[in-house]
Amino acid sequence: MSASMTSLEMPAAALRLSHADNTSALNVAPVYCFSILAEAEPGVMPRVLELFAKRGLVPTRWHSDVAGPKCRDLAIDIQVDGLDVQTGDYIARCLRQVYQVQAVLTSQKHVGQKHVSPKHVGQNPPGR
């Protein structure tokens, strides 16, 4: 291929190969997300966390805010890496049964992370 050829002029097979080469170095990790609305009471957060802890899960992200009129609502956003859909859906159903939890929304996202060769972890890559 000449240096002046653009990606629009590249054959489709070359584009597919190029795309496969670029994505092969990516690790795609599923992340299960929970968005919870509950009453702002002291016992809500430990009851919510218990559903993860008893399964040996530690949320990778937990953010909570007291909100709403007169600060009576508690909004909790939780993310758990590597949680499969069936387990995440089951935990969501359990969360909806927790006393003082008003609503639970869920979603999944896939986060791509650049693969780092183990021999280069904590070192500068060769050539630097």
Side-chain angles (χ1 to χ4, degrees):
M1 176 168 50
S2 70
S4 63
M5 187 179 286
T6 66
S7 63
L8 294 175
E9 298 168 328
M10 291 175 65
L15 286 173
R16 283 192 298 275
L17 178 60
S18 173
H19 178 69
D21 289 343
N22 289 337
T23 58
S24 65
L26 293 177
N27 262 343
V28 179
V31 178
Y32 203 98
C33 307
F34 301 85
S35 184
I36 302 160
L37 180 64
E39 294 178 29
E41 295 295 329
V44 172
M45 286 193 285
R47 286 194 296 272
V48 167
L49 185 59
E50 176 186 21
L51 293 174
F52 298 94
K54 71 182 186 179
R55 290 171 178 81
L57 299 170
V58 176
T60 50
R61 182 176 188 279
W62 176 297
H63 182 86
S64 56
D65 288 308
V66 175
K70 299 183 182 179
C71 296
R72 292 185 180 169
D73 295 326
L74 180 64
I76 305 171
D77 291 314
I78 301 170
Q79 294 181 6
V80 182
D81 289 352
L83 188 62
D84 63 270
V85 174
Q86 293 79 16
T87 304
D89 289 347
Y90 179 73
I91 291 172
R93 286 192 303 272
C94 293
L95 285 167
R96 291 180 184 107
Q97 302 295 315
V98 172
Y99 177 64
Q100 295 177 320
V101 168
Q102 299 165 353
V104 177
L105 302 175
T106 62
S107 64
Q108 297 88 39
K109 64 182 180 178
H110 297 279
V111 179
Q113 300 172 341
K114 190 83 169 164
H115 175 70
V116 178
S117 175
K119 64 183 175 184
H120 299 300
V121 174
Q123 302 174 7
N124 289 333
R128 284 199 176 180

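Nothing here was measured: the structure is a model prediction, and the numbers come from that model.
Membership of the apolar cluster around L51 extends to Y32, F34, I36, V44, M45, V48, L49, F52, L57, W62, V66, L74, I76, I78, V80, L83, I91, L95, V98, V101, V104, as traced through chained side-chain contacts below 4.5 Å between ILVMFWY residues. Within the hydrophobic cluster formed by Ile, Leu, Val, Met, Phe, Trp and Tyr side chains joined at under 4.5 Å, directly or through other members, L105 stands alone, with no partner residue.
Atom CZ of R55 is separated from atom CD of E50 by 9.5 Å, given to the nearest 0.5 angstrom. For the atom pair K109 NZ and Q79 CD, the distance stands at 4.0 Å (nearest 0.5 Å).
Residues passing the side chain to side chain donor-acceptor pair (under 3.5 Å) test with D77, sequence neighbours excluded: S35. Under the side chain to side chain donor-acceptor pair (under 3.5 Å) criterion, R61 pairs with no residue at all, not counting sequence neighbours. Partners of S64 by side chain to side chain donor-acceptor pair (under 3.5 Å), not counting sequence neighbours: none found.
A donor-acceptor pair is defined here as one N or O able to donate and one able to accept, closer than 3.5 Å; no such pair exists between the side chain of D65 and the backbone of A67.
Screening residues 66-76 for side chain to side chain donor-acceptor pair (under 3.5 Å), with sequence neighbours left out, gives no hits.
Nearest heavy atom pair, residue A40 against residue C71, reads CB-O, 3.8 Å.
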